Structure formats: structure tokens, C-alpha cells
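Each remark here refers to the structure printed beneath this line.
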Amino acid sequence: MNKKNLSERDICTKFINPAIEKAGWNMRTQVREEVSFTDGRIIVQGKMHTRGKSKRADYILYYKSNIPIAIIEAKDNKKAVGHGMQQALEYSEILQIPFVFTSNGDSFVFHDKTRADGVLEEELTLDNFPSPENLWNKYLKYTNIETSEAKEIVAKEYYADDSGMTPRYYQQNAINRTIEAVAKKQNRIILVMATGTGKTYTAFNIIWRLWKTGVKKRILFLADRNALLTQTKNGDFSPFGNDIMHIIKNRKIDKSYQIYFALYQGLTSNDEDKNAYKEFSPDFFDLIVIDECHRGSASEASAWRDVLTYFDAATHIGLTATPKETKDVSNMEYFGKPVYTYSLKQGIDDGFLAPYKVVRITTSVDDGWRPTAGLIDKYGNEVEDRIYNLKDYDKNLAIDERTQVVAKKITEYLKATDRFAKTIVFCVDIDHANRMRQALINENADLVAKHWNYCVKITGDDEVGKQELDNFTDVEERFPVIATTSKMLTTGIDTKMVKVIVLESNIQSVTEFKQIIGRGTRIREAEGKVFFTIMDFRKATNIFARPDFDGDPVQIYEPLPHETVVPPDEEESTTQPIEGETPLNPDDFRPTTPDVGIDSGEEEVTKYYVNNIPVSVVNERVQYYGKDGKLITESLKDYSRKNLEKEFSSLDDFIQKWNASEKKEELIKELAEHGVFLEAMREDVGQELDAFDLICHVAFDQPALTRQERANNVRKRNYFAKYSETAQKVLNSLLDKYEQEGITSIEQGAILKVQPLNQMGSAVELVRAFGKKKDFDQAVKDLENEIYNIA
């Protein structure tokens with residue numbers, strides 16, 4: 001047997017698998033092959049989208065389920081034994097795996113991150129692959145987990161989910177790092193995980209493992225919404241069973257349970273004698289998990305900080321998407337450095353969170369408006385004579401016409417895209433939310449006449465609105481579509497189907513901004529939710545320029561008065577500051593402590609209400625973000641052309657790489673990841689061209705052929721004559737499929753099982769018409785070469 005002739009898969013089966021198994025690894029429970037651990041970044045191209053390539057490890061080895069300990073990168077025998085180590089190391093950093101191997105079937109190269117003697121890599125024979133216990137003991141020593149109790153804690157099994165659901169890689173990291181911290185007696189722990197990445201599910205797995213070992217027997221889970229308590233208890237935490245779980249309500253304490261859920265404010269009171277938490281003894285709880293801990297748990301001024309002080313002996317684990325770090329509030333001071341961080345930017349890059357477009361709209365009064373002398377408002381009050389701007393609007397001064405312009409632009413966008421796209425409008429206060437609701441109802445009178453709850457106000461003072469909250473967040477419920485709010489929906493509410501977020505509130509804090517953005521980051525691919533749009537009327541998206549913000553927008557658009565608010569895909573743009581707008585300077589931003597509480601205790605201020613003020617939309621700027629997060633300042637077509645020229649040195653270079661590509665779909669995805677927007681190019685050319693012809697035409701000025709022309713050229717050459725009658729029918733059907741749907745349609749593994757091919761016979765019978773499977777694959781490859789005439 002000549003190893004050089006074996007495929008990578010054959011090398012795995014014949015050499016790597018036997019070596020692993022011989023070392024004592026259970027191939028069924030401890031070894032996973034070809035593990036895709038990301039979904040692939042969603043790449044937005046105008047109204048279209050595609051996914052980038054997912055990250056995939058050849059092997060991940062687990063000491064126990066969901067406790068990964070080693071990664072193996074396999075290569076065919078034509079490559080050196082250490083080939084692929086750099087990629088494997090990159091993956092090991094993401095997965096937080098300490099032991100990395102590569103192999104070509106001759107031996108292994110072992111990269112050991114735990115070694116302190118300076119020898120990080122060595123070559124091992126196939127007979128000397130380390131056993132699970134060998135690697136696990138090295139890891140325990142490396143992480144200073146040495147007592148028998150600590151070893152038992154970190155090795156405790158995860159909850160075995162009957163549905164087959166397992167944690168994503170970053171959830172595994174968060175869970176395992178937290179468990180290790182507890183095992184080492186760390187009592188103040190914080191996890192930073194972007195909104196939409198499953199913090200509650202992560203918390204359940206942490207608590208389950210600690211509870212199962214008996215290390216933490218009585219647990220308190222603190223949240224900030226009643227809806228969250230019920231949702232958590234009946235959802236992610238349901239495996240514990242209702243017999244041991246209890247939600248504390250009306251400050252009534254029952255000490256017969258093991259796992260408690262409570263609101264922050266449900267345990268405390270302005271009256272010291274009515275603090276419910278003091279009915280428990282200080283050592284009652286072993287573990288307290290603080291959800292959304294950025295909301296005040298770390299603030300010395302927080303009333304319920306006393307709860308944590310009272311239960312000081314317990315382990316405190318904070319969960320947040322946005323840790324606070326200001327001169328007055330510090331999570332790090334209280335909890336210490338996060339044991340794990342998973343950012344919004346990383347979530348978008350991995351394809352687990354939805355990317356977003358930004359539509360920025362400026363009105364004619366945004367840079368300043370001054371009343372005429374002695375102006376009386378709608379309610380008979382003389383308007384104070386000074387210059388009002390965005391910071392004042394709807395807080396100190398309400399201009400009816402501005403509210404109407406905003407409502408009109410929101411409605412215009414929905415009409416041009418999807419009038420039933422779930423939308424949240426964040427307003428300055430409850431009064432503003434009410435006036436915005438009225439303006440939106442008038443703009444959408446046709447739908448409101450049929451559905452009274454098409455647009456509702458959801459604020460802390462409105463019982464009807466609060467009752468509609470469940471319908472708004474329900475994936476199955478169509479109504480309400482638009483929700484106007486003040487603070488109530490900023491955080492903690494799982495709004496899976498929100499596709500539009502409107503910023504009509506003055507946001508200065510990165511913490512609050514990230515929480516608001518988080519309302520749209522859930523992906524619901526099956527329901528068509530893969531990205532969302534931010535409409536910014538307050539220049540709040542200037543926060544993107546701050547160095548402490550991560551997660552770049554894929555597009556920024558500012559329409560002219562006569563323009564639609566739907567961003568044109570091929571519009572020229574400029575990065576020059578808008579006239580009258582101060583250029584962004586990160587030093588201008590100062591951290592502030594946001595009020596992200598429920599809409600209660602709103603500040604009483606003097607507010608004037610004026611109308612008959614001319615307000616219009618001004619200025620236009622179209623900006624796109626590229627793969628490197630920098631602004632694209634030209635059309636997507638020109639941007640794509642430049643990136644194609646970087647990827648391919650010549651037409652021959654492109655044709656060679658196209659021909660060599662096993663799967664054209666993979667090459668197309670790779671181009672999208674490198675900033676080649678085929679849909680934008682196709683729109684600009686105005687023809688439904690195949691990707692090959694589109695690239696040849698745009699990047700190399702070649703005449704473009706349609707798929708029909710290419711298919712007809714193949715038929716004229718009588719290329720099929722050398723095949724049997726059945727094989728000819730198969731190839732003719734594949735050619736028809738290409739003509740109708742494109743090249744990627746005939747590369748599908750199950751192509752022989754779809755119509756009309758499945759009516760000619762079984763897949764086995766059709767393959768047999770060519771000989772063996774490899775003969776059929778070659779015939780398809782030859783057909784592709786004939787289509788593009790690049791044989």
C-alpha cells in the first residue's frame with residue numbers, strides 16, 4: 001500500500017484512528033471527527049445574504065463529554081507530518097484546548113501548551129499517542145487543580161440532554177472555566193457573553209454540575225424581570241424538576257427548596273425591617289448567580305448590593321453582556337477579571353449572532369433650533385429662549401413635525417422591505433413613546449384599522465402594553481409588529497424576531513447601547529431572520545467609533561430628503577464629515593452610568609410642546625464595512641473588483657483556481673469572505689450571469705455568456721457521445737439543471753435523488769451507468785470543464 005496515493009480520509013481511517021484507539025481513547029464517546037464548531041459568518045449583500053465557511057477541526061478529543069482536551073489536524077501523506085500545525089493552533093486558541101497534534105499517517109507532531117521546559121513541540125510515533133488520563137493529569141497540574149475534591153468538580157458530567165442539544169464551543173469554554181474557578185475556591189466570578197449567546201443555558205449547566213457534585217447545594221438565581229424568572233425556571237432549568245425549585249414572590253420566604261429564583265428588587269426594601277433576604281441565615285446559600293449583573297450589582301450605591309454582602313460566604317457568579325467600568329461603577333473591582341469573554345464581534349464572526357445594517361437619518365433641526373421671541377407652545381407656556389438640539393428633543397422640547405418625520409421614515413422603510421418586520425422604537429421617555437405610537441398609527445392607518453395592536457406602547461406604566469409583550473416576543477405571533485418603549489425593552493427580553501431597531505433616544509453609554517443592539521442579534525434562519533437594521537435618528541451610532549465597542553455594522557446609510565430609506569446597493573459614498581457635523585473623535589466620549597431600569601421614577605423636567613415647525617430630512621451618506629471592519633468608500637462593484645484583483649493575478653490564474661476547485665460553492669463562499677459581493681456585481685451588470693462569467697466580465701473585461709449560451713455550446717459539441725444512453729440522459733439532465741439554477745446545483749451530493757433524475761432510476765443504478773462512484777464524479781467534473789470550456 002502506497003500512503004502517497006491515499007486520501008486524507010483514508011489516512012484518518014487506516015492510521016490515525018487506530019493510533020488513537022490503541023492509546024485508550026473511546027472512539028464512540030471521546031473522539032469526534034470533522035467537528036464544525038462555528039456556523040460561518042453571515043455576509044450581507046444588499047437584500048441577499050450568504051454564509052462564510054464554518055471553522056472545522058478534523059478531530060476533537062474529549063476527556064468527558066463537553067470537556068475538550070486535544071485537537072488533531074490530519075493531512076494526506078503527500079504533506080509533511082507537521083503540516084497544518086498553525087491552523088490547529090489557531091483553532092486551539094478559540095476552543096481553549098491545551099494539546100494540539102498534527103499527523104500525515106507516518107507519525108504525530110505534538111504541541112504541548114502545558115510544558116514549562118521550553119520544549120513545546122516534539123514528534124511522536126504512531127504507537128506513542130498519549131492516553132486520556134495522561135493528558136488529563138498534565139492539564140490538571142497545569143491549571144493547579146490538585147486536590148481530590150477539585151478534580152472531582154472539574155470532571156463532573158454535563159446534563160445529558162435527551163433532545164441531543166449540546167453547548168456551543170464558547171458555552172463549553174464559559175462553563176468549564178467557571179467550574180475550574182470554583183474548584184480552585186474562587187468566590188467572585190464574572191462571565192461576559194454577548195446578548196443572544198445563551199447566558200441562561202450556560203448558567204444552568206454550571207449550576208447543574210456544581211449541584212450534582214454536592215459542592216453547591218442551595219442556589220439563588222437573581223434576575224431583573226418577572227418574565228425572566230418564569231422563563232428560566234420553566235425553560236433551561238426545567239431538568240431540576242419543580243420539587244426543588246421555587247420563585248420568591250411578594251417577599252414570602254419558604255426555606256424548603258434548593259434552587260431559588262428572585263428579582264433583585266423582590267428581596268430588598270426601602271424599609272430595612274422588610275428586607276426579605278434577612279429571613280434566610282447568612283450561610284443559607286452556597287451559590288448566587290446574578291443575571292445581567294451590569295444593572296447595578298457592582299455599584300456601591302445599589303440598594304440590593306446589601307444582598308451580596310449579607311450572603312458574603314457564598315460564591316457569586318455574575319453574568320453580563322456589558323460589564324460596567326466607570327469611575328462610579330466597576331464589575332472588575334467586585335468580581336475580578338472575567339474568567340471568559342465572548343464578544344458581540346466574535347459572535348457575528350462565528351455566525352451565531354446576526355450582523356446588522358445601519359440607516360442614519362438627520363433632520364433639519366438636529367443641529368439646533370431656536371424659538372422666536374415670546375413663542376407660546378401648544379399648552380400656553382412661553383418657550384424658553386435658547387438653542388435646542390438632539391439632547392433636548394422630547395426631553396425638554398417636543399416638536400410634532402420631527403416626530404412625524406421619524407414615524408414617516410420608519411414606515412417608509414417597513415413598506416419598502418417588510419411591513420410585518422418586528423420593530424422596537426427606543427424613545428426618550430414614556431411621553432415620547434406615547435407620541436411616537438400615535439404618529440406611527442397615523443402613518444400605518446390601513447393596517448391599524450384591521451389590527452388594533454399593529455403598533456403598541458410597551459412601557460412600565462401601561463398594563464395593556466405589558467400584556468402585549470409576550471405576543472411581541474413570541475416567534476409565532478404576528479402582532480404587535482411595532483413597539484414603542486422607553487427603557488423597558490433595553491435588556492433581559494428575548495426578542496428573537498426583531499428585525500428593526502430604531503434609536504430615538506439619546507444614548508451615551510456603551511453599556512446601554514450594546515444592550516439595545518442585543519435586542520436584534522438573535523438569528524432565526526428558518527423564519528428568515530439573518531440580519532437586522534438599526535435606524536438611527538440621534539447619532540447614537542457614533543458609539544461605533546469608540547475603542548471599547550466591538551462588532552462593526554455591515555452598512556451605514558443616510559438618505560437625502562427625496563430618497564427612500566432603503567439603502568441602494570450600488571450608491572457611491574464618502575467618509576467626509578457631513579456639513580455641520582463634527583468629525584468623530586473617540587476622546588470626546590466619556591463613560592456614563594446609564595439608567596436602564598424599568599420605566600419608573602422618570603425625571604420630572606419642564607417640557608415644551610411646539611408645532612408648525614418646518615422639519616425635513618437632510619444629507620446623505622452611504623457607507624459599507626468590509627471584511628476588515630474599515631469603511632468601503634466606493635460602490636460594492638468597484639470594491640469587489642479591487643478584491644478580485646488581489647485574489648487573482650490574471651484571468652488565467654482565476655480560471656486555474658476555478659478549475660481546481662472541488663466545489664465551486666466553496667470558492668464562491670471564500671470570495672464573499674474576502675469582500676467580493678457577487679450579488680451587487682450581478683445587479684450592476686443587469687444580467688443573471690453565472691459566478692464564473694460575472695467575475696470574468698467585471699474583473700477581466702471578458703465578454704459574458706449566459707448559462708443558456710454555455711449549455712447550448714456544450715450540446716453543439718456532441719460531448720456526450722462517448723457515454724452510454726443512460727449516462728447521456730443523466731448528463732443532459734445535469735446540464736439542464738445548470739442552465740436553470742447554476743453550477744452549485746449540480747455539485748450537490750444528493751443531486752441524483754432530485755427530480756427529474758430520481759425518475760430515471762435509483763442513485764445506485766444511475767452511478768452504475770458510468771461504472772463506479774469515482775467514474776461518475778469524474779464525469780461531473782468533465783461536464784463542468786466542458787461548460788466553462790476550460791478542460
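Because the structure is a prediction, the values reported are computed rather than measured. The basis for the numbers below is simple: all heavy atoms, side chains too, and nothing from hydrogens, waters or symmetry mates.
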Under a 3.5 Å distance rule, please check whether [X] uses its side chain to pair with a backbone N or O of [Y] as donor and acceptor.
X	Y	value
K78	K4	yes
K529	R522	yes
R641	V698	yes
K216	R209	no
K663	E747	yes
N128	L124	no
Q30	M27	no
Q171	T197	yes
N176	N66	yes
N134	P130	no

Are [X] and [Y] close enough for a salt bridge, meaning some N to O gap below 4.0 Å?
X	Y	result
R115	E122	yes
E647	K642	no
E784	K664	yes
K781	D777	no
K79	E73	no
R56	E33	no
E93	K113	yes

Test log, rule side chain to side chain contact (heavy atoms under 4.5 Å, CB included), inputs Y62 and T29: CA-CA 8 Å; Y62 299 80; T29 61; over 6 Å; no
Under 4.5 Å between any side-chain heavy atoms of [X] and [Y], yes or no?
X	Y	result
L6	D76	no
I175	T178	no
I290	L319	no

Measure across [X] and [Y] and return the closest heavy-atom pair with its distance rounded to 0.1 Å.
X	Y	result
E152	T213	O-CG2, 4.2 Å
A194	S343	CB-C, 3.8 Å
Q515	T195	OE1-OG1, 4.1 Å

State, without any angle test, whether [X] and [Y] hold a side-chain donor-acceptor pair at a distance under 3.5 Å.
X	Y	value
N77	D106	yes
D236	Y201	no
T114	D112	yes
D10	T13	no
S163	D161	yes

Within 45° cone of F15 ring axis and under 6.0 Å: K3 NZ or CZ: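 Here K3 passes the 6.0 Å and 45° test against F15.
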Ring pair (Phe, Tyr, Trp, His ring centres under 6.0 Å) between F654 and F692, intermediate numbers included: CA-CA 9 Å; F654 166 65; F692 176 85; 5.5 Å; yes
Close aromatic pair by centroid cut-off 6.0 Å: W658 and Y788: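 W658 vs Y788: aromatic centres under 6.0 Å.
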Pair Y59 + F101: ring centers closer than 6.0 Å: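 No: the rings miss the under 6.0 Å criterion.
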Whether W208 and Y159 hold their rings parallel, tilted or perpendicular, with breakpoints at 30° and 60°: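 Correct class here is perpendicular.
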Whether Y169 and F352 hold their rings parallel, tilted or perpendicular, with breakpoints at 30° and 60°: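 Answer is tilted, since the angle falls between 30° and 60°.
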Side chain to side chain contact (heavy atoms under 4.5 Å, CB included) between Y170 and M193, worked out: CA-CA 9 Å; Y170 63 85; M193 297 173 67; 3.9 Å; yes
